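Step one of this worksheet: look at the structure below.
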Amino acid sequence: MQKYNFKKIEKKWQKKWDENKVFKVTQNNKKKKYYVLEMFPYPSGKLHMGHVRNYTLGDVLARFKRSKGFNVLHPMGWDSFGLPAENAARENNIHPKIWTVKNINTMKTQLKQMGLSYDWSREISTCDKNYYYHEQKIFLKFLKNDLVYKKSSYVNWDPTEKCVLANEQVIDGKGWRSGVPIERKLMSQWFLRITRYAEELEQSLKDLKFWPDQVKTMQKNWIGKSEGLKIKFHTDNKNLLVLRIIEIFTTRADTLFGASFIGLAPDHPISKELSKKEPKIKNFIETCQKNLVLKEEDFEKIEKIGFKTQLHAIHPITQEKLPVFIANFIIMDYGTGAIFGCPAQDQRDYEFAKKYDLQIKQVIKTPKNQNLNKAYTGDGTLINSKFLNGLNVKEAKKKISKYLIGQNMAKMKTIYRLKDWGISRQRYWGCPIPVMYLEDGTMIPVPEKDLPITLPEDINFSKASNPLIQHPKWKHTKCPKTGQVAIRETETFDTFFESSWYFIRFCSPHSSKIIDKKEANYWLPIDQYIGGIEHAILHLLYARFFTRALYDCGLINIQEPFCNLLTQGMVCHKTYKDKNGNWYNPNEGLKIPEIIVGKSEKMSKSKKNVIDPDSMLEKYGADTARLFMLSDSPPERNLEWADTGVNGAFKYLNKLWNLIISNIELLKQKKNSYSKNSDDKEILMAMNKTIHNVTHDYENFHFNRAVARIREFTNIIFEKENELKKKQNLFKKAIETTIKLLAPITPHIVEEIWFLIGNKSFIIQNSWPKAEDKFLKTTTVTIAVQINGKLKDTIDLPIDTSEKKIEKAALTLPSVTKTMKKKTPKKIIVVKNKVINIVI
RNA sequence: GCGGUCGUGGCGGAAUUGGUAGACGCGCAGCGUUGAGGGCGCUGUAGGAGUAAUCCUGUGGAAGUUCAAGUCUUCUCGACCGCACCA
């Protein structure tokens, strides 16, 4: 008998699909379009399990939708600019481009081996000048529409390497290569005005009906809209030059009578002015800036310190004098950069008040069961608050707002936590920002006709710093209008810039325009986007913003890019580290005697806890790998990697293969319309139920359940093999149905079988099976019989048996009468076709 | 620290959304086939007690709502993801 030779089969069908261009798509107005997209990978070297999972999910969906008759766009490309290429260049002395192209080739081969149904004619690579050329044009459009601007912002500065470090490259406040403490450096950088869209991005979340709620909640919290009041506090210092008034922002105006201090950001204009006269203040501000951390995570953890100035602010109602502090936890970019502190009703203010011995005045009555040694932040009755006394928080907010606004002491104000998006990177391996500067600093955009500004290839990584600055010629240019000497911008784009519009470029990847509107109008928006949950905020929010920005520039007709979103869970694995802090991959790690086994984390190249899918593909083939990736875990859940189980998927395919091959003569015969007599009803019912359930499972991404159900049905076929041999038509129908249902998951083996049993056109071009209603109806149901909620027995009754009859049948069951011991039931609850509960 | 998610046998997970917990699979055990191993087939498999029928316990932990809770509510513990220059 012919053995299941996956190597031969997989190669054969991959070649045939390729030759017949079965996955190439073009606009077709007669068919309904379906655009399915998986997040494109960064070409880090080899595929990892997360990729295999992501791309299998997308491929199954693409193949399923094709059988359902859709015109499916399923493209793939490379997010190929980024930091790892530069790291490789420094460490291994290899050019970023060569390294990247090599990785792309490797990974593309692997993707092809997996049998993924991409339209490769649409492949794009973001480091290709044909891609970033359009990105530079987009930048100019943004510039014209005032969506991009320059401002000063802090970066991580490595004083030894004289370069800017990414947050990832700063470990415990030190540079990862130099080991030297990192400094904060203020630099002028490019920003995109995402905050202009803050309100819209938040509001339209509610229209994204097919996005997971968790992602929408995360984005909502990230945007962080808060509505509050801007209140004016006069100061007691008449000599202040800049401002004699401090404007604070608060969402808790109701606690105004509990105010015991005013806090200013270290870079607040008043702080700055005070520092000019007072060296102690100057020192304090410098300390704050030196110890400033850029990671929000660290910022929340740093010790909260303040400096008490001589200045006082006058409470707008009580006229009390409140001390003014400069404090390191107040941010100039958020709100007005100034707050009033109410220690009794805010935990951070409470800790601050304890530390600096400030008054703690309760203004909301603390409920009895609350801890008095911390701030009470909940709702309650206002006390010690003059005309607010007796009101609750909501009422008090309303009343005080009305009063202060009426007195011209405050204004309503809505602020957002969302900050503008800094897109400048002081690196080589990115898209050059198409502007130049004259000697006097005037910024000149590069005219569109002079684009693209391409990266120089002859670069030198031996020196630290950015090779674009080091390059002898590249940055020197001339003003296109005046011919004056000019210097090119040496910064490049954040790589999120590329991934914010690649899904649009896929519609017309070879167009000379940024976007071919006709194509975009047909294909967009994306019907299904699939990617890791780690992108829930940044990438997805940037892409939503970009789509709106491009819409406002008149380039596309949609505002939301992704109709449906599936966020897959992470593939995790334990980490291995030696005592010197070096990471090891699982194979090496276990061999080292003093290895420290760390907790399970997302598989990542930097921590080396990755499992290479190559060996799985080599030993078992793509179909087994795909089947295994789907059968064990629901997509949205994290997957703790375990090698066991792959073999089970392989065994199943072998078993199916052997069943078909050993009956091939029978199955090859042409089938007549299969008999539908009562003997066959059991199998037909099982088959139709399987079709029905599996279809439903595919549509809802319950691929693990779909697999379980297909296996359940094939278990029936295996069991009844001898019986089925006598019923060729039914046998063939059952096999054809099974492999059609399996086709999206294990496309190669299924295609081979499909042809072996006598079909002439690709199974992927055949339509999806449809369940026949008449075989879906069951005639009897099993009803659970409970006594006091505990299961005692079950009874089989005809479907829709009346409640009375169910009750009668249940009460005469021996198991029930025995337990009841002649007691009369207190209550009987009957749920038709499901359950009866007798309460005694 | 803040925001989000998850927690069910030895393991991955299923449960028609409040109605028979453990589908499907991995692993393991026993038996068969085989010179042996592998492979394949059959049987069993939540835990505990019992020869058995059967009974008791059980969805991270504690409490609550309900005729009925893995599912809802509150608290608590643990794991994972994100936190703006990794992608």
Side-chain angles (χ1 to χ4, degrees), chain A residues 39-42 44 79 81-84 87 155-156 164-170 189 194 212-215 217-222 224 294-302 348 417-427 494-496 499 532-539 541-542 567 569-570 572 599-602 604-606 628 631-634 636-640 642-649 651-652 654-655 658 693 696 702 704-705 707-712 715 782-794 815 825-829 831 834-839:
Chain A
M39 290 177 185
F40 67 163
Y42 177 77
S44 56
D79 188 13
F81 271 139
L83 203 47
N87 294 334
V155 292
N156 299 308
V164 177
L165 296 186
N167 283 341
E168 194 193 44
Q169 298 172 313
V170 181
Q189 299 178 78
I194 188 171
D213 286 336
Q214 59 159 314
V215 175
T217 313
M218 280 193 259
Q219 291 212 350
K220 191 170 182 231
N221 291 334
W222 185 260
L294 298 185
K295 268 186 177 176
E296 197 168 325
E297 189 186 348
D298 299 333
F299 185 82
E300 299 285 344
K301 286 180 197 156
I302 54 166
R348 197 165 55 180
R417 205 185 72 98
L418 184 70
K419 298 184 282 200
D420 272 340
W421 170 16
I423 49 163
S424 288
R425 295 293 179 271
Q426 296 71 27
R427 300 191 216 301
D494 174 11
T495 56
F496 272 124
S499 56
I533 183 70
E534 71 270 30
H535 294 293
I537 297 174
L538 292 183
H539 164 60
L541 193 64
Y542 290 153
T567 46
M570 236 57 49
C572 301
K599 56 181 185 173
S600 182
E601 287 177 74
K602 171 176 91 168
S604 77
K605 229 197 156 192
S606 56
F628 173 62
S631 52
D632 264 6
S633 237
E636 60 282 1
R637 200 159 334 167
N638 279 357
L639 195 151
E640 180 55 41
D643 296 301
T644 54
V646 197
N647 197 44
K651 267 160 53 179
Y652 171 74
N654 272 286
K655 200 172 159 182
N658 291 339
N693 289 337
H696 180 263
H702 297 149
N704 54 327
R705 293 208 306 219
V707 172
R709 279 169 172 149
I710 295 168
R711 289 184 78 139
E712 251 173 343
N715 283 347
T782 307
I783 291 170
V785 181
Q786 301 174 335
I787 292 179
N788 287 343
K790 285 193 175 178
L791 183 75
K792 284 290 155 192
D793 210 339
T794 58
S815 51
K826 279 185 200 156
K827 198 174 177 183
I828 297 176
I829 292 113
V831 181
K834 271 185 183 161
V835 73
I836 170 166
N837 189 10
I838 303 157
V839 186

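Computed from a prediction, not measured in an experiment: that's the story for all the values here. Labels below follow one simple rule: chain letters A, B, ... track the order of the sequence lines, proteins then strands, and each chain is numbered from 1.
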Below the 4.0 Å mark, does [N] have OP1 or OP2 next to a side-chain nitrogen or oxygen of [X]?
{"X": "A/Ser633", "N": "B/rG13", "result": "yes"}
{"X": "A/Asn788", "N": "B/rC67", "result": "no"}
{"X": "A/Lys790", "N": "B/rA21", "result": "no"}
{"X": "A/Arg427", "N": "B/rC86", "result": "no"}
{"X": "A/Asn715", "N": "B/rG25", "result": "yes"}
{"X": "A/Asn704", "N": "B/rA14", "result": "yes"}

In whole angstrom, what separates [X]'s [atom1] from [N]'s [atom2]?
{"X": "A/Asn638", "N": "B/rU8", "atom1": "CG", "atom2": "C1'", "result": "17 Å"}
{"X": "A/Gln219", "N": "B/rA84", "atom1": "CD", "atom2": "P", "result": "16 Å"}
{"X": "A/Leu294", "N": "B/rC86", "atom1": "CG", "atom2": "C1'", "result": "15 Å"}
{"X": "A/Trp421", "N": "B/rC85", "atom1": "CH2", "atom2": "C1'", "result": "12 Å"}
{"X": "A/Lys655", "N": "B/rC42", "atom1": "NZ", "atom2": "P", "result": "6 Å"}
{"X": "A/Leu538", "N": "B/rG82", "atom1": "CG", "atom2": "P", "result": "10 Å"}
{"X": "A/Lys792", "N": "B/rC67", "atom1": "NZ", "atom2": "C1'", "result": "16 Å"}
{"X": "A/Glu297", "N": "B/rC85", "atom1": "CD", "atom2": "P", "result": "14 Å"}

*With syn defined as a glycosidic angle within 90° of 0 and anti as everything else, classify B/rU17.*
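Syn conformation here, the glycosidic angle of B/rU17 being no more than 90° from 0.
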*With syn defined as a glycosidic torsion within 90 degrees of 0 and anti otherwise, which applies to B/rG64?*
anti
Pick base, sugar-phosphate or nothing for [X], based on heavy-atom distances below 4.0 Å to the nucleic acid.
{"X": "A/Ser499", "answer": "nothing"}
{"X": "A/Pro634", "answer": "sugar-phosphate"}
{"X": "A/Val831", "answer": "base"}
{"X": "A/Asn658", "answer": "nothing"}
{"X": "A/Lys826", "answer": "nothing"}
{"X": "A/Ile710", "answer": "nothing"}
{"X": "A/Lys419", "answer": "base"}
{"X": "A/Gln786", "answer": "base"}
{"X": "A/Arg709", "answer": "nothing"}
{"X": "A/Thr217", "answer": "sugar-phosphate"}
{"X": "A/His535", "answer": "base"}
{"X": "A/Phe299", "answer": "nothing"}

What I'd like to find out is whether the side chain of [X] reaches to under 4.5 Å of the side chain of [Y], using heavy atoms alone.
{"X": "A/Gln169", "Y": "A/Asn87", "answer": "yes"}
{"X": "A/Ile710", "Y": "A/Tyr652", "answer": "yes"}
{"X": "A/Trp421", "Y": "A/Asp494", "answer": "yes"}

Let's test your reading of the model: under 3.5 Å, does the base of [N] pair with the side chain of [X] as donor and acceptor?
{"X": "A/Asn837", "N": "B/rC67", "answer": "yes"}
{"X": "A/Gln189", "N": "B/rC85", "answer": "yes"}
{"X": "A/Gln426", "N": "B/rC85", "answer": "yes"}

*Spatial distance of atom CG (A/Leu165) from atom CD (A/Gln426) [nearest 0.5 Å]*: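 Going from CG on A/Leu165 over to CD on A/Gln426, the span is 10.5 Å.
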*Anything under 30° is parallel, anything over 60° is perpendicular, the rest tilted; go ahead and classify A/His539 against A/Phe496.*
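A/His539 and A/Phe496: parallel rings.
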G-U wobble or Watson-Crick pairing nucleotide for [N] (cut-off 3.5 Å, both distances):
{"N": "B/rC75", "result": "B/rG61"}
{"N": "B/rG82", "result": "B/rC2"}
{"N": "B/rA29", "result": "B/rU43"}

*Considering only atom P, compute the distance from B/rC28 to B/rG35 and round it to an integer number of Å.*
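To the nearest whole Å, 25 Å.
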*Check A/Ile829, A/Ile787, A/Ile828 against A/Val839 for a side chain to side chain contact (heavy atoms under 4.5 Å, CB included) and give me the one that passes.*
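Single side chain to side chain contact (heavy atoms under 4.5 Å, CB included) partner of A/Val839 among A/Ile829, A/Ile787, A/Ile828: A/Ile829.
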_Counting only side-chain heavy atoms from C-beta out, which of B/rG4, B/rG19, B/rG1 sits nearest to A/Gln214?_
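The answer is B/rG4.
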_Options B/rC86, B/rG7, B/rC24, nucleotide nearest the side-chain atoms of A/Arg637_ = B/rG7
*Is A/Glu296 salt-bridged to A/Arg417, going by a charged N under 4.0 Å from an acidic O?*
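Judged by the 4.0 Å cut-off on N to carboxylate O distance, A/Glu296 and A/Arg417 do form a salt bridge.
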